[in-house]
Amino acid sequence: MAAAIDYEAFRAEVRAFAETRCPPEIRAVVATYRKLSRKVWYPWQRILFEHGWGAPGWPKQYGGTGWDLKQRHIFDEVMAECDCPPQYHHGLRHIGPVILEYGSEEQKQRFLPGILSGEDWWCQGYSEPGAGSDLASLRTMARREGDEYVVEGQKTWTSHAHESDWMYTLVRTSKEAKKQQGISLLLIPLNSPGISIRPIRTIDGWHHVNEVFLDNVRVPVANRVGEEGGGWTYGKFLLERERLGGANVAPALRNLERTRELLARELGGERHELKRAMLEERLLLAEAELRGAQALGQEAIAAVMEGRPLGLLPSVLKLGTSVTFQHVAEVALDAVGERLAPRFRPTDAAGPNADAPGIEWVQNYMYSRVRTIYGGSSEVQKNVIAKQLFGS
């Protein structure tokens, strides 16, 4: 019988590691809400990898830690509390688990080591113009020619495609079957002939997302995960795990704590007393929401560990925490808005506005708008909840 895990001792171990091994310059990027990119993520992933903590959610056989779900949650929570970056998710938490579950042994040996070490960077090719929340309507086609697929189409909102090596991509391999049954999952190298990537500019001024055009791109059949036509199943497997990320509210609580500190600095003294009190009340209400989400997150973790169905919990968590994070960002913007709202920090963090005190809160507010869109929009979550409560 396995010995019981001392979770508090584990939490202390993770905290000691985070505080001593995460470089100060990386923690500063997180603490000041600067853009996380491959340049920041890669060295941190290497440190974790060399310590044996490169893949908290993977089995030991493939380089993972073998931790249970509660340990993985503690790891994520403590890292957020210590301003360490969250691990880059597309490889480790998205396509990696899909390959572990559905990929061939050859695919596991080929793709998992690069994800684990951070050498290979991945992005997600799901959404298309006209097929975002409704993935069953995707139109990117892949016709088979011998041992290859020839892929033609377009993907959009492709986060980090401009700094990635690979794209895991849902494509239509059949028009004959039901829409969901004609979809397959391909792993496509982004240096393939016929691929072009164009940036989509967003309100925060940063380069996050892209359009990816595929013009007769040849992909080996060996790069198909699982069975032809099984992509809908694999895509759902990925998204269901992505949405449980709402169980970790530590980043939102850290943001709330910093926002309280901001109010004290920005709105100190009798002159701002009324405004400060109003904003503090809004933060108190947001904290109540986050504490409730924290309790729901603990329930979701317990349900998974005990083999109970999650039901509505992932959607409820995603819906609630994304909106509450936006509410906190709105409080921060209200605190600095009169002084800073017309000013933006340039993408390269240089120029006359780069060092304006508090400018990061304007950037943080702009970026927070996406939280009710990515990972399943609020509208999608409401539909999921309604369907489970009231039926189709």
Side-chain angles (χ1 to χ4, degrees), residues 11 15 18-19 27-36 73 76-86 203-206 245-299 316-345 353-375 378 381:
R11 183 182 293 273
R15 185 173 299 279
E19 292 176 345
R27 295 170 73 180
V29 171
V30 177
T32 55
Y33 302 105
R34 283 179 274 160
K35 188 179 188 312
L36 290 175
H73 177 73
D76 288 341
E77 197 171 54
V78 172
M79 290 299 163
E81 291 168 354
C82 295
D83 294 326
C84 300
I203 193 173
D204 59 5
W206 280 340
N248 179 22
V249 300
L253 288 170
R254 187 76 170 117
N255 187 49
L256 186 142
E257 176 187 339
R258 281 210 169 89
T259 304
R260 280 207 172 102
E261 295 168 357
L262 172 70
L263 295 188
R265 290 195 309 272
E266 191 77 19
L267 302 174
E270 293 184 7
R271 177 187 171 194
H272 300 295
E273 185 175 359
L274 180 59
K275 182 176 182 179
R276 185 175 64 249
M278 292 172 63
L279 295 182
E280 286 174 346
E281 181 182 13
R282 285 163 61 185
L283 284 185
L284 190 63
L285 294 173
E287 182 176 6
E289 294 288 339
L290 290 175
R291 295 299 179 188
Q294 192 174 42
L296 283 178
Q298 295 293 339
E299 170 60 24
V316 170
L317 282 165
K318 172 61 173 65
L319 181 64
T321 55
S322 59
V323 170
T324 304
F325 198 107
Q326 288 180 343
H327 289 168
V328 175
E330 288 162 6
V331 170
L333 184 67
D334 283 346
V336 302
E338 291 181 20
R339 181 169 60 84
L340 293 172
R343 305 169 70 179
F344 288 87
R345 177 169 58 198
N353 295 337
D355 297 321
I359 194 68
E360 67 271 13
W361 295 101
V362 179
Q363 188 83 43
N364 189 41
Y365 169 80
M366 296 297 181
Y367 181 63
S368 75
R369 311 323 298 164
V370 79
R371 289 182 175 271
T372 48
I373 300 172
Y374 67 38
S378 292
Q381 303 309 325

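Since we're looking at a predicted model, the values are computed, not measured.
Among residue pairs with one or both ends in residues 319-332, those qualifying as salt bridge (Lys or Arg N to Asp or Glu O under 4.0 Å) are E330-R369; sequence neighbours excluded. The salt bridge (Lys or Arg N to Asp or Glu O under 4.0 Å) contacts involving residues 247-256 comprise D83-R254, R254-E257, where partners must be two or more places apart or lie in separate chains.
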Would you list the atom pairs, donor with acceptor, under 3.5 Å between side chains in residues 292-299 and any protein atom, with sequence neighbours excluded?
from	atom 1	to	atom 2	distance (Å)
Q294	OE1	R291	NH1	3.1
E299	OE2	R308	NH1	2.9
E299	OE2	R308	NH2	3.4

Report all side-chain donor-acceptor pairs from residues 269-280 shorter than 3.5 Å, counting only partners two or more places apart or in another chain.
from	atom 1	to	atom 2	distance (Å)
K275	NZ	D334	O	2.9
R276	NH1	L267	O	2.4
R276	NH1	G269	O	3.1

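Checked against side chain to side chain contact (heavy atoms under 4.5 Å, CB included), R15 has the following partners two or more places apart in sequence or in another chain: E19, V78, E81, C82. Not counting sequence neighbours, S368 has no partner by the side-chain hydrogen bond (donor to acceptor under 3.5 Å, both in side chains) test. Y367 meets the ring pair (Phe, Tyr, Trp, His ring centres under 6.0 Å) test with H208; sequence neighbours excluded. Every residue meeting the side-chain hydrogen bond (donor to acceptor under 3.5 Å, both in side chains) condition with E77, not counting sequence neighbours, appears here in chain and number order: R11. Qualifying side chain to side chain contact (heavy atoms under 4.5 Å, CB included) partners for E281, counting only residues two or more places apart in sequence or in other chains: none. For P86, the side chain to side chain contact (heavy atoms under 4.5 Å, CB included) partners are L36, not counting sequence neighbours. A search for side chain to side chain contact (heavy atoms under 4.5 Å, CB included) contacts involving L262 returns R265, E266, A332, A335, V336, W361, not counting sequence neighbours.
Taking each heavy atom of Q326 and T372 in turn, the nearest pair found is NE2-OG1, 3.1 Å. Residues V249 and L290 come closest through the heavy atom pair CG2-O, 4.0 Å. Closest approach of R258 to A31, counting heavy atoms only: NH2-CB, 3.3 Å. Taking both residues in full, the closest heavy atoms of V30 and C84 are given as CG2-C, 4.1 Å, listed atom of the first, atom of the second, then distance.
Taking 4.5 Å as the limit, some side-chain heavy atom of N364 sits within range of a side-chain heavy atom of N255. At least one side-chain heavy atom of R260 sits under 4.5 Å from a side-chain heavy atom of L284. Side-chain contact between W206 and M366 is absent, with no heavy atoms from C-beta onward closer than 4.5 Å. Between L263 and L283, the closest side-chain pair of non-hydrogen atoms falls below 4.5 Å.
Rounding to the nearest 0.5 Å places CD of E360 at 9.0 Å from CG of L340. The CG atom of L256 sits 10.0 Å away from atom CZ of F325, with the distance rounded to the nearest 0.5 Å. Distance CZ/R371 to NZ/K318: 9.0 Å, rounded to 0.5 Å.
The backbone N or O of T321 lies less than 3.5 Å from no partner atom in the side chain of E289, so there is not a single donor-acceptor pair.
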